[in-house]
Every structure is written in structure tokens, then in C-alpha cells.
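Just so we're on the same page: letters track the sequence lines, and every chain starts at 1. Heavy atoms only: backbone and side chains are in, while hydrogens, waters and symmetry mates are out.
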Amino acid sequence: MKFIPLVWSALWRKKTRTIFTLLSIVVAFMLFGMLQGVNSAFNATVDRANVNRLIVASAVSFTESLPYSYLSQIETVPGVEAVSHQSWFGTYFQDPKNIVFSFPMEADRFVRVSSEYQIPPDQLDALRRTRTGAIVGEDLAKKYGWKIGDRVSLHSTIWTKIDGTSDWPFDIVGIYRVADDPNRNSEFYFNYAYFDEARSFGKGSVGWCIVKVSDPAQSASIAQTIDKHFANSSYETETKTEKEFQQSFLKQIGDINFIVTRILFAVFFALLFATGSSLMQSVRERIPELAVLKTLGFTDQGVLVLVFAESLLLCVLAALAGLAVAAALFPGFKDVFGVVRLPPAVIAEGVIMAALLALLTGLPPAWRAKRLNIVDALAGR
Amino acid sequence: MASLLNQVVAVTANNIRNIPQRAGISAVVVIGIAVTVAVLVSVLAMAAGFTRTISNTGRVDRALVLRGGSETETASTIARDNTLTIMDAPGIRRDTDGKPLASAEMVAIVSMPLKNTNTKANIALRGIGPKGMQVRPEIKIVEGRMFRPAVLELIVGKSAAAQFKGLNVGSHINYHNADWTVVGIFDSGGDSHESEMIGDVEILLSTLRRNLFQDVVVLLDSPQAFDQFKGDLTTNPTLTVDVKRETEYYAKQSKEVSKLLFFLAYVVGGIMALGAVFGALNTMYSAVSSRSLEIGTLRAIGFGALPVVISVLFEALLLALIGGAIGSLLAWIFFNGNAVNTLGANFTQVVFRLTVTPPLVMSGVIWACVIGLVGGLFPAIRAARIPVAAALRAS
């Protein structure tokens, strides 16, 4: 511990060089934080997926609907605790740019299956009573300044009403919150009864079913039973766990992980050279000083640790600064990526990467310092 | 003036000769810039490839008629009697048999396994009318034959056949309990239809037990006929439709994805460029400090400050150019022509190819030069200000 001032002053021996090396590491870790943050936030939706829920969708494609009668048939499958359903409604508010993720549902089924949605009981009652009622996520409500009692009209790009128009009026009766997943606080739920009665086509169908099972260990066999039950019917099903379902959905958008990994690999490759050469140069210039240290009684290992501590200090300090910048900038990208906060796991990962960087770039110069021969070094040979 | 030029040439040439002595530290600039340019050029190539695929889909003299308020084909529905009204509108080109070159279509989505990941992804199955192929003359069968009307037969786009499992000539596809056969593979000039399957709309509707089309695609007399065609349909009281020029329809579809890719390219590229600037500054400062004796000597024997400044800038620029060239080359070798797929507007996969074009390479090299210049400028100023006496004493 008493050597920290020594390491510190050695680090700042050449100010400009240390500052620029520091800044390139800061920049690299800022990029690491942002890219890896986006990447893991995408995966987080998958990780947070509930293990005791299954999604039953049409085997033909996710976008095709299923008959409403399937709900009661799925309910009879042993191990199924509750069944709920949703449909893709495809809406925007006032302007096509303001996409609103809205879904028709049945309140009683919804609360049984999706228990993580926190809805005050009186607001839930209001939804049951109000045919055109809707409950919205707190973030969505904040975004458009909606309050309970407001009447809003959403334009559906898919569903027309019997009267030929596509504007659907709703009365906001409640505001929900999902505490452990802020990304889900921007949805819009309303009564299926209103939807099914008013739509001009597709009556009596649902988009997909959400099944809550009592024992997650049996998910796979229950999924098979459901699919087998509907095999060779006009509407065959494909049942997946919620996690698999979200994974397959993300995979369709593209391999984000692949792109991010490639970019970060390139960044760290360049950083390795920049940091490594700067540390090597610093040791080369200090050979006589290191020889003096050894003359004063520092052991070979002592000098090695001293030089290595320098690179560790530089890399970890810079990495923390970079990650802090990333964490500060992250909320600004909410509209682009839909992610709110830099996941803490990314920061931990970053610190590990920094230690690794220090090891790779610090060891060669530290080794050189250790092997230093006092007589040769002092003679300038 | 001539002597100044002589000085510049002499000092710069001498400096360039000495670069190999500083190879290690010079490599930092080259590698930093190469990596930045490689990432920038490949992400831009992705955006360029996507935009090209989507904007290739579409001619100015072709139009799509969708239900009013629908942004995409899959979200639209049009009743059979309305399709007949639409096809009677003025401005539609006529075939030799006098019938309008128009096709009432539907797009179904089928989930099929991808070759590379073995996971299922959506592919579009487009049902076209009897004039569908004449409306799109760019579609050419490259393998097998055309599907016959009223039979469960399909032709598959080249990109789709390459990306999905089981889409070769002779393959069978079970869709809504009907057994479809792939009878041909088509090429449509690298547009987004190449990621689709095409069959007869009537047989498709009957297997789905539906009677609603999704849109009508028409070939117009001329690009100028669009306004009249649109005006006629939108003022017709029996219809509620949106008429879109095909080029505009597809341009709008590609906007979101290209926006995201350009954002990624410029933000990530910009941050990496900043890092490369710091690397370049470090290298150039150390180059200047290792040359301080040389610079001091030159100044002492009467060389001006300008030749010294230029020699430093030239070195930085040269290293940057090498880095930029390596970066562009890497992007070209590894990514040019790579096929990538993503979700398109119809909720189906669109396959596109990364294209590293000369303008992209140019912009990569320009970025490299800017990084080099910024990284060389401050060290060059320091070089010019080196106090002669101190520099000579330092060694």
C-alpha cells in the first residue's frame, strides 16, 4: 500500500502520453459499455421471460390467428393452471411515428397468467365494467400525458371496425406497473370483448395463447401435449416456452450479438497495441530509474509488481471512467434501443476486461523490468 | 519560395526514411485507424446493401393500392369487388389482349427453418393474379419452371432458396394442410421479392378459405399517369384506399432499418475515431520527441519551422492512409457480398447483401485522413516550437 504514491508518480512521469493512453482506454470502454449494454438489454428480455409460461401460436406463423375455442381446450390439458390470450392490434397514436404496442385481452385471464403486472384492484374493476376501458403502462401514460379518465383514440393499421373506420376510442381506467422489468411499462391493454364485437373481420379468433403451467419442469411435455392435441386440425399450433418464443423473435431481427462481438473484438485489438506500446515505451525510458530502485534493495519481483501495478491502475481507472460515461449516456438512447439503464453485469464484465487488458499489456514491460541487470542498466548498455 | 519547397521536400523525405526506426509506435496509428475504418465501412456497407435491396424493389411506373390507413401489405385488406373497381381505373397499362396489367394479391406468412441457425423465421408467400408476372417483368425463372394456375405450385426467390431449408425445386411445403410443390427458382435483380415465394392467388385464397385480397399492384401507362390514377381511386366513393408509388412504398419500408444502421455506423465509428485520434496523438508526440535532436539541428542550421510542421503532418497523413487502405481492404475481403437477413416490413425475412462500394471506401479513407490530420496537428505545432538550444542540449 505504501508504494501507491510511487506507482502514481511513475504513471504521470510523462503527462501527455499517459493522458492520451488513458483517453483511448476511456473511449474503448465507453463503447464497450454502450454496445454490450444494448446487447445484454436485448438478451435481458429473454432472461426475464417467465419459466412457467408457454406461448401457443399458429404453427404456420406467429401472425396467423387461432380459434377462441382453443382456450377451453388448452385448459383441459393436465398441468395447465390458467390460459390467457392476446392479439396483435398494430396501433399508433395520432401520428404513424407514435407506435403504441396495444393488445386486447380478458382481464380475469390476464391477471391470473401475467401476475407481474401490478394493477390496483379498483382500476381492474373499472376495466371489467367499462367496455372501452384500457389500462396503460406508467411510462406510456407519462409519454403522452395520459391520466385516468382520459379518452384517447388509437389508429389500428390492421383492424377496421364494422363501420369501416380504423380509429378505436378508449377510456383510460387504470395505470399498471411491472416493477422488475421497466421495458414493459409502455404497453396498452384493453377489453377483448370490445375488440371482437367491433372488428369487421376475424371475429372469434385470438392471436396467441399464453399458458401458465403449475410445474416448470413439465413445460416441455405440456407443450408437446398441446401441439399433439391440435395436430392435423385446420389450425395446427406450435407451443414454446416464453423464453424460446422471445429468442426466436430476436433472432429474426438479426444477430445483434454477432455484430457487437465483432466490433468490440476490433476495438480491443487496436487498444491492445496502443496501450501496450505506450507502457513498453515508458519502461524503456525508465531503465536507469528502475536500476536505481533495484540498487536500493527492491527485489526482481518487487519491480515486476511495481510496473504491473502501474498498468493495472491505468487500465482499471480508465475503464471505470469509460463505463461511467456509458452509464451516463445510456438513458439518452432510450428512443433508439428502448433500453432504460446500463445493466450492472456489463460494468462488472468491463472491469474484468480491464484487468485482462492490464495483464496482457503490462506483463511484457513488467517482465523486462524484472530481468533488468543493474550494472548493464546503469551503464546504459 | 523555391528554397522553402526544397526545405520541405528534404525534411519530409528524411523523416519518411526514418519511419521504419519507429515501426512499433507507428503501427499504433495504422492499426487504430485500420480498425476504425473497417468497422465504419462494413456497417455502412450493411446499410447500403439493405437500402439497395429495398429500393431496387420498385419502379416509378408501378403502384400499390392498399386499404386506407394501412402502412404495409400484410396489414391491408381489399374485398374482391373492390379489386375489380381498382383494375378498371384509368391510367393502367393494357396487355396485348386488352386486359389491364394489374394483379390482386395477398401475402401470407409462413414460418420455416433457416439454413444457418436451424431456427424458424418468417418467409412471405405471395399469391399473384393472372397478370402478376407481366406486371413484374423483372422476375425471371432461373431453374425449373413457372407455376401453373389453380395448382398447388410455387416458385421461390433465389435469396429465399439460399437462406431457408427445403426450398429447392421439387421440395414440398405443407401449408394449411395443403401440399405445395416448389417448381422453380426465380431471380428478380436482387430486390426484396427474391426473399419471397410466389404462387397463384386464387388457390392460395381457397386453401386459406378466405376471400379478401391484400393489395392490388398495377403497371401504369407512364410514371406521370400516377397522379391521375391516384386521384381517380381516392375520390371514388365506393373505395377507401391509399395509392402508393411502388418506389415510395419500399423506400418508406427501409427507412427505419437504414436509420438504425447509419446511427450505428456514425456513432460507433465516431467514438472509435476519437480513440484513434488519441492513439495518433500519442504516436506523433513520441515521434516528435524522438526527433527533437534532429529538429533542433535542422533549425540551428537555418531550416524554417514550416518544413518541420509539414514533415510531421505528412508522416501522420501517410500512416493514416495506410491504415485507411488496410481497413477498407479488410472490410472488403471479409464482408463484401455477405448475405444478411433481417425482419422487413411485412414481418418476413428480407435478405440483403453487404456491398462495399467505391464511395464507401472513399469515405473510409477520408475519415482516416481526418483522424491522421487531427492526430498530427498538435504534435506538429509542438515540433515547430521546440526551443533549439534546449533540444540540442537534451541528448
Side-chain angles (χ1 to χ4, degrees), chain A residues 14 16-17 19-28 30-31 34-35 57-64 90 92 96 155-158 160 164-167 200-201 232-236 238 247-248 251-255 259 262-263 266-267 269-271 273-274 276-278 280-281 333 336-337, chain B residues 24-25 27-28 31-36 38-39 42-43 46 67-72 74-77 108-111 114 117 119-123 175-177 209 212 240 259-260 263-264 267-268 271-272 274-283 285-286 289 340-343 347-349:
Chain A
K14 272 215 163 170
T16 16
R17 183 168 59 215
I19 287 175
F20 288 130
T21 312
L22 200 81
L23 285 177
S24 24
I25 305 176
V26 168
V27 164
M30 180 175 118
L31 205 56
M34 297 208 293
L35 288 179
S58 163
V60 174
S61 106
F62 164 68
T63 51
E64 300 225 359
Y92 60 80
H155 182 93
S156 172
T157 57
I158 305 171
T160 42
T165 62
S166 301
D167 291 309
S200 61
F201 57 95
N232 299 318
S233 72
S234 308
Y235 300 93
E236 295 194 346
E238 185 167 303
Q247 258 163 353
S248 69
K251 261 192 197 133
Q252 292 222 38
I253 298 175
D255 205 339
I259 298 177
R262 288 293 173 92
I263 294 178
V267 170
F269 180 75
L271 189 65
F273 273 85
S277 85
S278 139
M280 199 64 180
Q281 217 183 350
F333 294 107
V336 188
F337 299 115
Chain B
I25 189 98
V28 173
I31 293 172
I33 291 179
V35 159
T36 306
V39 168
S42 23
V43 181
M46 222 183 273
R67 186 189 66 199
S70 295
E71 297 286 320
T72 60
T74 35
S76 163
T77 44
I109 301 175
V110 190
S111 181
L114 286 167
T117 56
T119 50
K120 283 188 165 184
N122 291 340
I123 176 170
Y175 178 60
H176 275 275
N177 296 331
R209 286 177 290 265
L212 283 173
T240 325
K259 214 170 80 183
L260 193 69
F263 176 83
L264 188 71
V267 169
V268 172
I271 295 174
M272 288 183 73
L274 194 66
V277 165
F278 294 136
L281 279 170
N282 232 349
T283 300
Y285 270 125
S286 107
S289 92
V340 183
N341 42 327
T342 188
L343 269 191
F347 226 63
T348 56
Q349 294 286 314

Task: Region of Ala27(B) in contact with chain A, defined by heavy-atom distances below 4.5 Å - done: neither
Task: Region of Asn122(B) that comes under 4.5 Å of a non-hydrogen atom in chain A - done: both
Open item on the list: Under a 4.5 Å cutoff for heavy-atom pairs, which residue among Gln281(A), Glu236(A), Met34(A) has the most contacts with chain B?
Closed with: Gln281(A)
Task: Part of Ser289(B) within contact of chain A (heavy atom distance under 4.5 Å) - done: side chain
- [ ] Locate the shortest heavy-atom distance separating Ala59(A) from Ser111(B); write the atom from each residue and the value.
- [x] O-CB, 4.2 Å
Task: Toward chain A, the part of Thr240(B) with a non-hydrogen atom under 4.5 Å - done: neither
TODO: Below 4.5 Å from any heavy atom of chain A, which atoms of Thr77(B) appear? Answer side chain, backbone, both or neither.
DONE: side chain
Task: Winner by heavy-atom pair count (cut-off under 4.5 Å) against chain A, out of Val268(B), Val267(B), Leu274(B), Leu114(B) - done: Val268(B)
Open item on the list: If you compare all heavy atoms of Leu271(A) against all heavy atoms of Ala28(A), which two are closest, and at what distance to 0.1 Å?
Closed with: CD2-CB, 3.6 Å
Open item on the list: So for Ala266(A), is it side chain, backbone, both, or neither that comes closer than 4.5 Å to the heavy atoms of chain B?
Closed with: both
Open item on the list: I need the residue from Met46(B), Met272(B), His176(B) with the largest number of non-hydrogen atom pairs under 4.5 Å to chain A.
Closed with: His176(B)
- [ ] Among Met280(A), Arg262(A), Glu238(A), single out the residue with the greatest number of heavy-atom pairs under 4.5 Å to chain B.
- [x] Glu238(A)
Task: Exercise: identify the closest heavy-atom pair between Ala75(B) and Arg67(B) - done: O-NH2, 3.3 Å
Task: Taking every non-hydrogen atom, the tightest pair across Ser277(A) and Val28(B) - done: OG-CG2, 3.2 Å
Open item on the list: Ignoring hydrogens, what is the shortest heavy-atom contact between Ile271(B) and Met30(A)? Give both atom names and the distance.
Closed with: CD1-CE, 3.7 Å
Open item on the list: To the closest 0.5 Å, what do you measure between OH (Tyr285(B)) and CD1 (Ile25(B))?
Closed with: 14.0 Å
Task: Which portion of Leu22(A) sits near chain B, non-hydrogen atoms under 4.5 angstrom - done: neither
TODO: Might you point out which heavy atoms bring Val267(A) and Val35(B) nearest each other, and give the distance in Å?
DONE: N-CG1, 4.1 Å
TODO: Could you tell me whether the side chain of Thr283(B) and the main chain of Gly279(B) form a donor-acceptor pair under 3.5 Å?
DONE: yes
Task: Heavy-atom contact with chain A under 4.5 Å, split by part of Val39(B) - done: side chain
TODO: Against chain B, work out which of Gly90(A), Ser234(A), Ser166(A) has the most heavy-atom pairs shorter than 4.5 Å and name it.
DONE: Ser234(A)
- [ ] Any chance you could measure Thr21(A), atom OG1, to Lys14(A), atom NZ, to the nearest 0.5 Å?
- [x] 11.5 Å
